[in-house]
Amino acid sequence: MQIFVNGSAMQLPADAMTVLALVEHMQLTGKRIAIERNGDIVPRSQFSDVQLQPDDTLEIVGAVGGG
């Protein structure tokens with residue numbers, strides 16, 4: 001299945017994948033990130049419930065700390 005992440009096409013190994021599985025696949029587990037799917041923010045509490053669909057567009061941003 002193909003999706004788009006931060007403007008780049010990405011092939012996923014399975015047709016049935018959740019946002020949480022994508023986070024794990026991209027080795028972002030434990031990182032402070034926010035994910036937008038097709039223009040809507042996906043709450044972290046719903047990562048395991050939201051199924052990705054072919055041609056979904058995701059934006060993944062990481063929190064940056066500093067002073």
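Sequence positions, counted from 1, serve as the residue numbers for this chain.
- Contact annotation: the side chain of Leu12 approaches that of His25 to within less than 4.5 Å [non-hydrogen atoms, C-beta and beyond].
- Side-chain atoms of Asn38 never come within 3.5 Å of backbone atoms of Asp56 as a donor-acceptor pair (strictly under, hydrogens ignored).
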If you apply the rule side-chain contact (heavy atoms from CB on, under 4.5 Å), what do you find for Gln53 with Arg37, and how did you get there? CA-CA 10 Å; Gln53 301 297 320; Arg37 176 179 168 249; 3.7 Å; yes
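- For Arg44 (side chain) and Ile33 (main-chain N/O), a donor-acceptor pair under 3.5 Å exists by modelled atom type.
- Applying the 6.0 Å contact sphere to CD of Gln2 captures more than 12 heavy atoms from other residues, nucleotides or ligands.
- No side-chain heavy atom of Asp49 sits under 4.5 Å from any side-chain heavy atom of Val19.
- No side-chain heavy atom of Met10 sits less than 4.5 Å from a side-chain heavy atom of Met1.
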Go through the steps for Phe4 and Leu58 under the test side-chain contact (heavy atoms from CB on, under 4.5 Å), then give the verdict. CA-CA 6 Å; Phe4 297 89; Leu58 293 103; over 6 Å; no
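- For the pair Thr57/Glu36, no side-chain contact is recorded, criterion being any heavy-atom separation below 4.5 Å from C-beta on.
- Side-chain contact between Ile35 and Glu59: absent, with no pair of heavy atoms (C-beta onward) separated by less than 4.5 Å.
- When side chains are defined from C-beta on, Leu22 counts as touching Ile3, because their heavy atoms get closer than 4.5 Å.
- Leu20 CG to Gln51 CD: the interatomic distance, rounded to the nearest 0.5 Å, is 11.0 Å.
- When hydrophobic clusters are built by joining Ile, Leu, Val, Met, Phe, Trp and Tyr residues whose side-chain heavy atoms come closer than 4.5 Å, directly or via intermediates, Val42 is not grouped with Val61.
- A continuous path of ILVMFWY side-chain contacts below 4.5 Å connects Leu28 to Phe47, so both sit in one hydrophobic cluster.
- Of all heavy-atom pairs between Ser48 and Thr18, the closest is O-CG2, 3.5 Å.
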